[in-house]
Amino acid sequence: MTTVEEQLFMTEKEELISGSEAVAIACALADVDVITAYPIRPYDTVMQYVSQLKANGAFDCDFIVAESEHSQFEIVKHASSVGARTFCGSSGVGWFYAFEAIAVTAGLRLPVVAMVGNRALDDPGAFGVEHNDALAVRDLGWMLYWVATAQEALDMALMAWRIAEDPRAFLPMALSCDGSFLTHSQAIVNVPTQEQVNKFLPGYERGQLQLHPDNPITVAPQVNEDWLMEIRRQSNEAMSRTPGVIKEVYEEFKQVFGRGDPSPFLEEYMMDDDPDIVLMGMGTLALPVRVAIRRMREQGKKVGFVRLKFFRPFATEEVQEALGGAKAVAVIDRDYSFGSPSSGGVLFNEVRAALYPLDNRPHVVNFIAGLGGREVRVRDVEDMVDITQKAIDTGKVELECNWIGVRE
Amino acid sequence: MSTVAVEVVYRGIFQKTLARNIVRSIVFAARKEGKYGTAFGRYGDSPERNGIPAKQFAIVADDPEELEENLAVYEAQEVDVTINVDDTMCKGIESWAWYGLQPINALTKTGGTLIVTSRQDADALIEDIHQKDQPYNLSIMTSIPSFSGLWVYKDDHTDVRILGALAKVCPQLVSLESMVEAIQDQGWDDLKVRSAERSYDRTTSRPVEPGEGNQEEPFSFDLPGWTTMEEGIVIRGIEQGGGFRGGEEGYQPVRNSVFKKYSTRSMRPIVNFDTCIKCTLCWLQCPDTCFDVTPDGLYDANLESCCGCGVCEAVCPVADCVTMINEAEFNDNDSQYEMWQKDKDDYTQWMTSLIEKQKQVDRTHGFHHVGGYAEEIAEVAED
Ligand code: SF4
Ligand code: SF4
């Protein structure tokens, strides 16, 4: 039974919870002011847990069930402009339905934090994980993080408000959580105390940009061609400041909570001996890939894995450094980009572009896998490594984009 | 090699079809002479707003490559002819597309021509038009402004009369013969051809010397750079409480010093403070919050904010207490209340004469675009 102390986060404890519950608990710990909701699987799990926490008295917030995703994102956008800490989220085409609001949230420099429960774009009715929903904001000024475990979901959510609400950033941030593997699977998570969180996460201060009767301002009047380029340039500058903010916040998080990777941008697995083949992917893909790597290592294959955590900001230098020494890089995309260069996935083309300036470029091979929530199995990963090895052996990439685990 | 550019400055919505007819006819006429042209409205004016100054352009060149030098632009750098189809815009224009007051002749080339449709004489117009450092010519086409709605067009021949005048003042653009052919090609009747020819014959122009005209510095606005403007698309408001004269003293809200709307106005309200019953309706209903409450509870329209919509005249319950008057009658935006206080008899006399004059002219202010036209056209036809 949950005691009052536990309910109010007075003691540190372990809980068996899903990624969605972890994010909901982070909302309570961060004392979010305004939370909006509209159901769509798998994001809806978060709204269930948030409303439960609120009903149980774990925290107080304005919990607004909007009449659509569009309204959901409009509400947090406006709440954020008056200085409220906000949380919101959606999945798949629900996220797309909110796009008018989502697109301008970044331009208005509003630090909304959202959870995207990654889901296929609904054709027809599919709700398994694909990354194309969240990726759609990649060019708009949203920070975009891919979570791999429930613990990371909680930790990163706490960091998300801190990063987004830093006046150097004032940009929205989306936490991408793979449908099913994170949103519906429970794992042991260390839930910090309110005291720890309070030490780490200050309140949201919008300062001179706060819409308030005592600070008379107009936000976003009509602009024409004579203004917009300056607005975009400002957003670009804010985004280019975020890596510095992220590093600072991540270091502080590690100090207060005693956990975290060496880098906030990448998780490197079995990379110490500069392996010839490096796999790269995002989200819960990491789990089967790590298993496969351990097996292959047992067979003497030098293989490593780099998990990209922040898709935006994209840590160009870190990626160059991590992958630049490899003979070949295998990029696994849980997304598609029809008609793109080499018909490759989104991540593949980003990584390949990041490696282009290097003097010694590794081969880059692309694998489209796990679409619509299809499992990526250890055997699939081994196939990827075999194909990549062939590129090293023959000195050329035969097929740049390979679909793995698809029925012929 | 020669490129000729023409701009039509017009009142949004009310004169949109008129402007379009003019610029398209220019391109058609030029084509008759083997030239290439483009006609376009300035994108920033779209979607047009009632009465807000807007522009359309026609650019004509000898060959497609030369024309290309003028494509994919919002407006021409300079024009051979500026056509102003409502003389009240001679005071300068602030469009939907930019901030600050642009003199009506801002784009007119050295030695170019400004054509204005007006019933005023050259001296009265030059008093309004901002002075320029280079000489240009002024040509007046005697006419009332031709106003209609978005979906209706008052075919009072203003379009073809302008085209006739244009062929006269800018022979390097197209000949009268080509203009006539273009008019006929568009299925317009012989009466319109005759109007164009008659206008060609009658059109004269007079030189305007450097420095001649309105000496006022037009108000302007400096666009900030990305490092100097506020983040978050935030525009700072005016200090709270500034300009507030509470209680007995009345209420005068401060207006943004760089955002004025008066160039949208072709008529302005004039208030009879002696008959006002202080009902507050004008103050409540004015869409631009123009009315300042005076210490004695009367309502004084702030003429830097007034867009001339005529709502105050329509809602005022007292006969002839608020009357819309042709903007051309005024040379400043001074407070009427202060004038009235200074000398009530003088004010009454001035106001009465303006109202009398207005009754004779029967000028429309666009917003009331139904009615009044039959009489106007008859009058013009007699001229
Ligand atoms: S005409 Fe009257 S109602 Fe209209 S903007 Fe001017 S003062 Fe206001
Ligand atoms: S509507 Fe007419 S009577 Fe009423 S306050 Fe205004 S000017 Fe006076």
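Naming: A, B, ... by sequence-line order, numbering from 1 per chain.
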Checklist entry - Is atom CZ of B:Arg49 surrounded by more than 12 heavy atoms (other residues, nucleotides or ligands) closer than 6.0 Å? => result yes

Item to check | chain B contact via A:Asn224 - which portion, at a heavy-atom distance below 4.5 Å | outcome: side chain

Next on the checklist: Quick one about B:Asp300 and B:Thr294 (side-chain donor to acceptor, distance below 3.5 Å, no hydrogens or angles considered), yes or no?
Outcome noted: no

Next on the checklist: Does either side chain, that of B:Tyr10 or that of B:Glu48, offer a donor lying less than 3.5 Å from an acceptor on the other one?
Outcome noted: yes

Checklist entry - Using non-hydrogen atoms only, which part of B:Tyr43 is less than 4.5 Å away from chain A: side chain, backbone, both, or neither? => result neither

Item to check | Residue-level interface, residues 236-244 of chain A with chain B, non-hydrogen cut-off under 4.5 Å | outcome: A:Glu237, A:Arg241

Item to check | Within 45° cone of A:Phe311 ring axis and under 6.0 Å: A:Arg138 NZ or CZ | outcome: no

Checklist entry - Do B:Arg265 and B:Asn333 have side-chain atoms, one donor and one acceptor, less than 3.5 Å apart? => result yes

Checklist entry - Non-hydrogen atoms of chain B under 4.5 Å away: do they reach the side chain of A:Glu225, the backbone, both or neither? => result side chain

Next on the checklist: Strictly distance-based, threshold 3.5 Å: is any side-chain N or O of A:Ser90 a donor or acceptor partner for the main-chain N or O of A:Trp95?
Outcome noted: yes

Next on the checklist: Less than 3.5 Å apart, any donor N or O on the side chain of B:Ser266 or B:Thr88 sitting next to an acceptor on the other?
Outcome noted: no

